[in-house]
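Residue numbers begin at 1 in each chain, while the letters A, B, ... track the order of the sequences.
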Amino acid sequence: MLMDVLWPLSGGILLGWALGSNDAANIFGTGITTNLIRYRTAVLLLITFLTLGAFLEGGKVVTTFQSLSSQTALTAFIATFSAGLVVGGMSRWGIPVSTSQAIIGAATAIGLVNGSANLKVLGKIVACWVFTPVGAVLISLVLYRALDALLRRHPLPFPIWSAVLKTGIVVSGCYGAYALGSNNVANTTGVFVAAGLISARWAVLIGAASISLGVITYSKNVIYTVGKQIFPLDPFSAFVAVLAEAITVHLFTQLGVPVSASQAIVGAVAGIGIIKNVRAIQQKRLTQIVLGWVLTPLAGGFLAALFSHLISG
Amino acid sequence: MILFGKEKQVSQLLMQHLEKVRDCLEKTYAVAEQYLRGGLEEAKRLGLEVDRIETEADELRRQIDDQLFEGAFLPNIRQDVHGLVSQMDDVANAAETVCDFILGERPQIPETWHEEMLTIFAKTLEQFDQFQAALTEFLEGTRMDVDEIRNYNQKVGILESDIDQVEWHLTREIFRSDLDLARKLHLRTCVRLSCQLSDQIENLADSLKLLVLKTQV
């Protein structure tokens, strides 16, 4: 009986692990690579707030998976396994990838195969993907200007300014972890709720645990390679970028749509680049994001449809 | 507040270090004054004071370093704070060097140049007071007034130029005089060492300017 549940869930657990190992860099990358916070402390904060976000608000996005398409234990496994292959493969080749887009593509393909795909829900999700980096740009622009104006009106003595920024970077990282947990936990186990295999409560528990496992076991290398590339920013800008990313992702949690934290941070950094009149993000990176909107769900969908076809004979 | 504990501690240590450096400069001025007026014994006593204060300043610098290692301030700022403290310590060291030179090598400075020599020390002290005001505003001002800091730093630069003028004039007079070459060179060294203090204080002001720039959004 337990094995009947565990074996399909293995796909989700693997996907959660991949998500955790990849997305930690977006949240505490700047803090760790600038030696503001120790790696161990960052990991502890990450898994704590990620789990909190998953428990308190992760259910909002789980319902979207239930309405996107119907699943069985087998198809849920196929969807998560396919998404995991896409995430793993693209990460291996150094191509930025969104777990949300991969799993949505896979789940939609299953829905198209079994005739249960809700294209209206899919349309809403795709629109939110486009607005993720765009929204992050706008939010970071507004935040930067507002905080800048506040600091100019009430300049802080240097020691307090430094301490406030230090704290701000850590607190925004915690909020980012919370937002990631609330928004992305459904990526790993939402399809199993749609399959009726587990309840939403168990889904967030297992999802949070698998993402945390990825953070603990495999995020370090990604943080030190990706984190530095994304954050050539001064401390104030880094603080605003992470906060804007967290707000963006959390907003989409309220809409019940899983989005990419990676694309949100790219948008936030680009927004700061606009204010400072510098190109904070390379053209290549922006092109990869746009291509990702199309290729990632297509790849996830293709693999899911292929496996589904092969298994059903 | 626990939140700002380390930063506050470093600020306090910095202010104490600043006072020690000022004391060194003030006592060095007094050494020069006593020496030129013939009070050699008093000059020696003051020279020992400078030595003692410089050692106390060293100890404060070590305490500041410890706090920086324990995580005070943002990581990218720590280097600048460390650099600033090192430069402040260099001023105290330079003041001690001047005292050692005067008391050890006993330069024979003709009376006509006494006032100009003392002007160098007086303006150097005034210059450091401007820097002290700038750093105090930076660390303790309730609303860090960047314009005020810039004004103080500007005055540091102006005073440095004044001291350069005095140095240039004195050097010219020394080498136009009838003194033998050895004495001329010795006096020139004395003047150069004395004026080096103001160059270092100007470097301090530049370092503070960079630190202020880094805090600006």
### Criterion side-chain contact (heavy atoms from CB on, under 4.5 Å) on A:Y178 and A:L50, from CA distance to verdict
CA-CA 5 Å; A:Y178 178 92; A:L50 186 151; over 6 Å; no
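Salt-bridge annotation for B:R192 and B:D199: present, with a side-chain N of the basic residue lying under 4.0 Å from a carboxylate O of the acidic one. With respect to B:K209 and B:D206, a salt bridge is recorded, a charged nitrogen being found less than 4.0 Å from a carboxylate O. Salt bridge present: B:E59 and B:R62 bring a charged side-chain N and a carboxylate O closer than 4.0 Å. Here B:R52 pairs with B:E56 in a salt bridge; the nearest charged N to carboxylate O distance falls below 4.0 Å.
Within residues 210-217 of chain A, no residue has any heavy atom less than 4.5 Å from a heavy atom of chain B. Residues from residues 134-148 of chain A that place a non-hydrogen atom less than 4.5 Å from a non-hydrogen atom of chain B comprise A:Y144, A:D148, given in numerical order.
For a residue to count as touching a neighbouring chain, one of its non-hydrogen atoms must lie under 4.5 Å from one of that chain's; by this rule B:V10 does not touch chain A. The contact between B:I77 and chain A is made entirely by side chain atoms (from C-beta outward), counting heavy-atom distances below 4.5 Å. Neither the backbone nor the side chain of A:R38 comes within less than 4.5 Å of any heavy atom in chain B. Both the backbone and the side chain of A:I160 come within contact range of chain B, judged by heavy atoms closer than 4.5 Å. Both the backbone and the side chain of B:T215 come within contact range of chain A, with heavy atoms under 4.5 Å apart.
In this pair, B:Y29 and B:F121 present their aromatic rings parallel. The plane angle is below 30°, not in the 30 to 60° band.
Aromatic rings from B:H186 and B:F101 are positioned such that their centres are separated by under 6.0 Å.
Atom CD of A:Q254 is surrounded by more than 12 heavy atoms from other residues, nucleotides or ligands within 6.0 Å. Annotation for B:R172: atom CZ counts as buried by contact number, over 12 foreign heavy atoms lying within 6.0 Å.
Within the 3.5 Å criterion, the main-chain N or O of B:F73 finds a donor-acceptor partner in the side chain of B:R78. Remark: side-chain polar atoms of B:H82 are not paired, donor with acceptor, to backbone N or O of B:D65 under 3.5 angstrom.
B:C99 SG to B:E49 CD: the interatomic distance, rounded to the nearest 0.5 Å, is 11.0 Å.
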